[in-house]
*Asks:* 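Handing you a structure now.
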Amino acid sequence: MPPIDKLFPYRKATGGFELFAFPHIAAGPTLFHPLRAAAAQEGIALSGALLPGRGRRVREAPHRTLDALLAEVEEAARCDDFAAFSGDYGLLGHCSGSIVAFEIARLLVRLPCADPQLLVVCSCRPPELIPDTGTSRLSREDMIARTAALGGMPDALLADADFLDVLERPMRADWEIFDGYAHTASPALPVPILTARGADDPTVPAAEQSRWKTQTQRLFRSVELRTDHWMLSDEGSRALTQEISATLSLIRS
């Protein structure tokens, strides 16, 4: 299997706009099923990333550093001769996945491929305000409990000991990436940015969202949806898709 297909196993060829999406801590591409369905109605193809340590890649060691994750993306892009990143495409992330998407955008503008046409940041503080939560250094029980307290994990899964055995390794690795993140200043991206936060999200202050504007030389939009932190429900996904479509229209006008 080509590296790009391994990274985006549910990707389908499209002649329209494509969004490469990166999930929050310990999640996989199934997180984006509602958003993928909503986006398809607007002619947008969404491809969720499958990182090592989960899903069909469960036997692979998960990335424990951002540099390792970026190296996989770059290798996949180069092996694909940058074909996946040559047309109309953008990047999207949810929560910690937004920082991953942001750093991938910075990577791609340095590589010999087309720049992303849009970066969509969902439920995430600006990069210079990302904290070290200490979660990556907790015991298994405390790490899982703190992650569960943030929401986004069904109770039935939390009660499944076998599932938690599988989940622990990628969860800790993802927290290590997040807790170890240190933003480094660089020129603003030549990529428009759309940020979206839930109106009922206490973890992403509304007043901070405008600080993402310093990360782009192009169009910047910040919207608030009638959701909480976990905005990728059916209803939230429809609302987010409308905002993505509106932003693309502004970019193209």
Side-chain angles (χ1 to χ4, degrees), residues 1-14 18-40 44-77 79-80 84-85 89-101 103-104 107 120 122-124 135-136 140 143-144 147-148 150-178 229-234 236-237 240:
M1 177 182 292
I4 199 72
D5 294 337
K6 189 176 184 180
L7 186 59
F8 299 104
Y10 305 112
R11 183 172 179 243
K12 294 182 179 179
T14 175
E18 183 170 12
L19 269 178
F20 295 98
F22 296 84
H24 60 252
I25 283 171
T30 56
L31 168 73
F32 297 111
H33 282 352
L35 183 58
R36 184 177 188 178
I44 299 170
L46 186 143
S47 300
L50 179 63
L51 297 173
R54 62 215 84 192
R56 64 179 68 176
R57 303 185 67 183
V58 69
R59 290 184 174 84
E60 298 179 45
H63 300 308
R64 309 195 86 91
T65 67
L66 182 60
D67 285 346
L69 193 160
L70 294 176
E72 179 183 355
V73 174
E74 180 172 356
E75 179 187 11
C79 289
D80 187 47
F85 304 117
Y89 79 96
L91 305 171
L92 178 146
H94 179 258
C95 190
S96 60
S98 291
I99 291 298
V100 172
E103 291 295 338
I104 290 173
L107 169 68
V120 183
C122 303
S123 304
C124 188
T135 307
S136 60
R140 167 194 161 105
M143 178 186 67
I144 292 173
T147 306
L150 295 172
M153 294 178 65
D155 291 341
L157 293 181
L158 291 171
D160 187 331
D162 291 337
F163 171 76
L164 294 179
D165 286 342
V166 173
L167 187 66
E168 179 186 5
R169 190 170 66 151
M171 179 185 290
R172 189 174 297 281
D174 286 355
W175 274 117
E176 287 178 3
I177 291 174
F178 187 78
H229 186 78
W230 309 103
M231 64 174 58
L232 300 181
S233 63
D234 289 346
S237 292
L240 178 59

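One-based numbering along the sequence shown. Atoms considered below: every heavy atom in the structure, side chains included; atoms not considered: hydrogens, waters and symmetry mates.
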*Asks:* Show the nearest heavy-atom pair for residues Gly93 and Ala101, with the distance to one decimal.
*Replies:*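 The answer is N-CB, 4.0 Å.
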
*Asks:* Of all heavy-atom pairs between Ala49 and Pro23, which one has the smallest distance, and what is that distance?
*Replies:* O-CD, 4.0 Å

*Asks:* Which heavy atom in Leu107 sits nearest to a heavy atom in Glu74, and how many Å separate them?
*Replies:* CD1-OE1, 3.8 Å

*Asks:* Taking only residues two or more places apart in sequence, or in another chain, which ones meet Phe32 in a ring-ring contact (aromatic ring centres under 6.0 Å, His included)?
*Replies:* none

*Asks:* State, to 0.1 Å, how close Tyr10 and Arg36 come at their nearest heavy-atom pair, and which atoms those are.
*Replies:*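 Looking at all heavy atoms of both residues, the closest pair is O-NH2, 2.5 Å.
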
*Asks:* State which residues pass side-chain hydrogen bond (donor to acceptor under 3.5 Å, both in side chains) with Glu60; sequence neighbours excluded, sorted by chain then number.
*Replies:*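 For Glu60 the side-chain hydrogen bond (donor to acceptor under 3.5 Å, both in side chains) partners, ignoring immediate neighbours, are Lys6, Arg57.
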
*Asks:* Return the set of residues passing ring-ring contact (aromatic ring centres under 6.0 Å, His included) with His229 (not counting sequence neighbours), or none when no residue passes.
*Replies:*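 Testing His229 for ring-ring contact (aromatic ring centres under 6.0 Å, His included), a comparison that skips the adjacent residues, returns His94.
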
*Asks:* Donor-acceptor check, side chain of Asp80 to backbone of Ala84, threshold 3.5 angstrom: yes or no?
*Replies:* yes

*Asks:* Looking at side-chain heavy atoms only, is the closest gap between Leu150 and Trp230 below 4.5 Å?
*Replies:* yes

*Asks:* If every non-hydrogen atom of Pro9 is compared with every non-hydrogen atom of Gly48, which pair is closest and at what distance?
*Replies:* CD-O, 4.2 Å

*Asks:* For Glu168, check side-chain hydrogen bond (donor to acceptor under 3.5 Å, both in side chains) against everything at least two apart and list the hits.
*Replies:*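 Glu168 satisfies side-chain hydrogen bond (donor to acceptor under 3.5 Å, both in side chains) with Arg140 once adjacent residues are dropped.
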
*Asks:* Tell me which pairs pass salt bridge (charged side-chain N to carboxylate O under 4.0 Å, His left out) where either residue lies in residues 46-56, with sequence neighbours left out.
*Replies:*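 Every salt bridge (charged side-chain N to carboxylate O under 4.0 Å, His left out) pair that includes a residue of residues 46-56, provided the two are not neighbours, is Arg54-Asp174.
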
*Asks:* Report the distance from atom OG of Ser96 to atom CD1 of Ile177, rounding to the nearest 0.5 Å.
*Replies:* 8.5 Å

*Asks:* Report the relative orientation of the aromatic rings in Phe22 and Phe8; use parallel for angles under 30°, tilted for 30 to 60°, perpendicular for over 60°.
*Replies:* perpendicular

*Asks:* I'd like to check the side-chain hydrogen bond (donor to acceptor under 3.5 Å, both in side chains) partners of Ser47; sequence neighbours left out, ordered by chain and number.
*Replies:* Glu18

*Asks:* If you measure from CG on Leu70 to CD1 on Ile104, what distance do you get to the nearest 0.5 Å?
*Replies:* 6.0 Å

*Asks:* Mind checking what makes side-chain contact (heavy atoms from CB on, under 4.5 Å) contact with Ala76, not counting sequence neighbours?
*Replies:* Pro3, Ile4, Leu7

*Asks:* Specify the closest pair of heavy atoms between Ala61 and Pro52, including all atoms of both residues, with the distance to one decimal.
*Replies:*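 Heavy atoms of Ala61 and Pro52 come nearest at O-CB, 3.3 Å.
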
*Asks:* Can you name the side-chain contact (heavy atoms from CB on, under 4.5 Å) partners of Thr30, sequence neighbours left out?
*Replies:* His33

*Asks:* At what distance, to the nearest 0.5 angstrom, does CD of Glu103 lie from CG of Leu69?
*Replies:* 10.5 Å

*Asks:* Can you list the residues that meet the side-chain hydrogen bond (donor to acceptor under 3.5 Å, both in side chains) rule with Arg169, with sequence neighbours excluded?
*Replies:*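 Testing Arg169 for side-chain hydrogen bond (donor to acceptor under 3.5 Å, both in side chains), a comparison that skips the adjacent residues, returns none.
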
*Asks:* Between Cys122 and Leu92, does a side chain to side chain contact (heavy atoms under 4.5 Å, CB included) hold up when you go through it step by step?
*Replies:* CA-CA 8 Å; Cys122 303; Leu92 178 146; 4.3 Å; yes

*Asks:* Considering residues at least two apart in sequence or located in another chain, which fulfil the side-chain contact (heavy atoms from CB on, under 4.5 Å) criterion with Ser237?
*Replies:* Pro34, Leu35, Ala38, Leu232

*Asks:* Ignoring hydrogens and geometry beyond distance, is a side-chain donor-acceptor pair present between Trp175 and Thr147 at under 3.5 Å?
*Replies:*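 Their side chains do contain a donor-acceptor pair, which is all the 3.5 Å distance test asks for.
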
*Asks:* Any non-hydrogen side-chain atom of Leu91 less than 4.5 Å from a side-chain atom of Leu19?
*Replies:*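 Counting from C-beta outward, Leu91 and Leu19 never come under 4.5 Å.
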
*Asks:* Could you tell me whether the side chain of Met143 reaches within less than 4.5 Å of the side chain of Ser136, counting heavy atoms only?
*Replies:*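 Result no, sub-4.5 Å side-chain heavy-atom pair not found.
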
